[in-house]
Amino acid sequence: MIAGLGLLALGTVIGLTLLIMVRFGIAARRLDRAISELTGGRLRHPVEQRLEHRRNIKALKNQCGIPIERLSFDLRRLRELIAHSHGSATQQSALRQAYDGVLMDTCRMLDVPHELDRPTAGLERDIERVRVEAVLESRGIVLSRGHRRDQNADH
């Protein structure tokens with residue numbers, strides 16, 4: 001009888017422990033998802049951050065051709081010209097093609113996959129351009145002059 005009660009108590013303790021662990025795991029996953037949604041996925045595991053940092057450093061060390069700073073400057077300059085362009089459709093198209101060329105050079109330098117070299121136009125091309133810009137900004141490329149001024153005003 002005492003042995004039966006001991007086994008029952010042991011089973012209860014193990015069962016409750018397992019139940020608590022399962023519930024904690026579910027709660028932890030929900031918390032991770034909620035944090036990811038709130039931060040837009042900016043918070044990542046430290047190992048992932050270190051790996052991305054190493055990839056970026058390697059890309060910068062192995063760069064050839066135009067320095068990344070020059071490409072960043074050209075992207076900001078062309079972006080501003082496109083935003084304030086009142087020229088003909090041909091001029092605007094030429095500015096966009098030049099911008100896309102610099103975007104592709106920057107992507108090659110930082111190993112960012114893109115589809116800007118595909119023969120697309122219109123909305124599909126604009127969406128790909130915005131996607132590539134977002135990836136480059138996440139890698140530290142500043143594409144907007146106003147963004148940089150606002151950042152420096154705080155410091």
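Below, all heavy atoms of this structure are taken into account, side chains as well, without hydrogens, waters or symmetry copies. The chain is numbered in sequence order, starting from 1.
- The two residues Met109 and Leu71 have their closest heavy-atom pair at CE-CD1, 4.0 Å.
- Leu75 and Tyr99 make their closest contact through O-CE1, 3.4 Å (heavy atoms, listed as atom of the first residue, atom of the second, distance).
- Between Glu80 and Arg77 there is no salt bridge, since no side-chain nitrogen of the basic residue lies less than 4.0 Å from a carboxylate oxygen of the acidic one.
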Return all side-chain donor-acceptor pairs below 3.5 angstrom for residues 11-20, not counting sequence neighbours, or 'none' if the list is empty.
residue	atom	partner	partner atom	Å
Thr12	OG1	Leu8	O	2.8
Thr17	OG1	Val13	O	2.7

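- In terms of heavy atoms, Ser138 sits closest to Val135 at OG-O, 2.6 Å.
- Residues Arg131 and Glu128 are paired through a salt bridge, judged by an N-O separation under 4.0 Å between the basic side chain and the carboxylate.
- Hydrophobic clustering keeps Ile127 apart from Leu136 (ILVMFWY residues linked when any side-chain heavy atoms are closer than 4.5 Å, directly or through intermediates).
- Comment: Arg129 engages Asp100 in a salt bridge, judged by a side-chain N to carboxylate O separation of less than 4.0 angstrom.
- Considering every non-hydrogen atom in both Val142 and Arg76, the closest pair reads O-NH1, 2.8 Å.
- Listed for the Arg79 side chain is no donor-acceptor partner under 3.5 Å among the backbone atoms of Ser144.
- With a 4.5 Å cut-off on side-chain heavy atoms, Thr106 and Val112 do not count as touching.
- Side-chain atoms of Gln92 come within 3.5 Å of backbone N or O of Gly87 as a donor-acceptor pair.
- At a threshold of 4.5 Å between non-hydrogen side-chain atoms, the residues Val132 and Val130 do not count as touching.
- Distance check: Ser85 OG to Leu95 CG gives 5.0 Å after rounding to the nearest 0.5 Å.
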